[in-house]
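In listed order, ligands and their atoms are each counted from 1.
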Amino acid sequence: MRSLINILELSAEEIAGLIATAEDIIADPKKYAEACHGKKLATLFFEPSTRTRLSFEAAMYELGGQVLGFSEAASSSAAKGESVSDTVKVVSCYADIIAMRHPKEGAPLVASMKADVPVINAGDGGHNHPTQTLADLLTIWREKGRFENLTIGLCGDLKFGRTVHSLIAAMSRYENVKFALVSPEELKLPSYIKKDILQRKGIPYTQTTDLESVMPELDVLYMTRVQRERFFNEDEYVRLKDSYILTPEKLKTAKESLSILHPLPRVNEISVAIDDDPRACYFKQALNGKYMRMALILKLLGVKV
Ligand code: NCD
């Protein structure tokens, strides 16, 4: 039985397989409409979410399965003091697969060691978010047709942004990928990721506070929100929250072929004036997330269509 806690647990070949399944689902959704008939997905969300939880739910419904769960810790037995381990032991009796989001880094890993069914990490604190990365990868694949030879700008909260951490890990396996890391000084990429991934693999990267200085080189620009809920100090959040606001003006020097991604929710990082720009991919990215979650559920449940 397999879980998905960190994106690197999937090989590049397996990612290619999930993309192939997702594209087959997009081409012929009816073929998959009963694939998970009689199976149940539990969504255990100890932290708020809209698209991740709803896209997991939509994914399971579109596979003909059913969904149960909770969307905040306050409405679960965690409020009574139950441990994550006990919660998943119990939920394993009711569901065939679990998607868990938790504010504590490592909680889904602990859950996967205790559960009797596969556990999918739907975001653990400021750590990882592998299924958002699957959405990002399908988007890059459909927009660019390749993962090699890309310069990827990551902009915003690179310290707490778990989607950034998982995306760097995933993209670092492809040939000739370069990163431009753009953030305020206070929100730089954690040094463990620089050391363990970028430096260890000799992947070229630049670090700057100035988005416009790197704009002309970028093939992909991944904007992120400043992660308010991970700050200890509200004043610090208020000071940093609008560090980057992408406007049509700032895109003037960007490539025609640039793809702009954002895991959403957006606060102020991308002006709504960009939504109609053909380079804006963030709403397509949200849809892609559903297809990749469908592909992942099929894989972890061992369902062949
Ligand atoms: C992201 C997350 O939860 O980390 N959202 C999502 O899953 N699409 C990004 C964010 O909350 O900023």
Which of the ligand 1 atoms, numbered from 1, are nearer than 4.0 Å to a heavy atom of [X]:
X: Arg51; value: 8 (N)
X: Gln227; value: 10 (C), 12 (O)
X: Pro263; value: 8 (N), 9 (C)

Residues at least two apart in sequence or cross-chain that pass salt bridge (charged side-chain N to carboxylate O under 4.0 Å, His left out) with Asp242, listed by chain then number, are none
Does ligand 1 have a heavy atom under 4.0 Å from the side chain of Thr163, from its backbone, from both, or from neither? side chain
With a 6.0 Å cut-off (strictly less than), is the heavy-atom count around CD of Glu148, excluding the residue itself, greater than 12? yes
If you draw a 6.0 Å radius around NZ in Lys195, do more than 12 non-hydrogen atoms from other residues or ligands fall strictly inside? no
Any N/O pair Glu229/ligand 1 closer than 3.5 Å: no
Mind checking whether Leu264 has an N or O less than 3.5 Å away from an N or O of ligand 1? yes
Quick one about [Y] and [X] (side-chain donor to acceptor, distance below 3.5 Å, no hydrogens or angles considered), yes or no?
X: Thr21; Y: Lys299; result: no
X: Arg225; Y: His262; result: no
X: Thr131; Y: Arg293; result: yes

According to salt bridge (Lys or Arg N to Asp or Glu O under 4.0 Å), does anything in residues 113-139 pair up with another residue at least two apart or in another chain? List the pairs. Lys89-Asp116
For atom 4 (O) of ligand 1, what is the closest protein heavy atom, and at what distance to 0.1 Å? Arg162 NE, 2.7 Å
Atom 11 (O) of ligand 1 - nearest protein heavy atom and its distance: Arg225 NH2, 2.8 Å
Yes or no: does Gly123 have any heavy atom under 4.0 Å from an atom of ligand 1? no
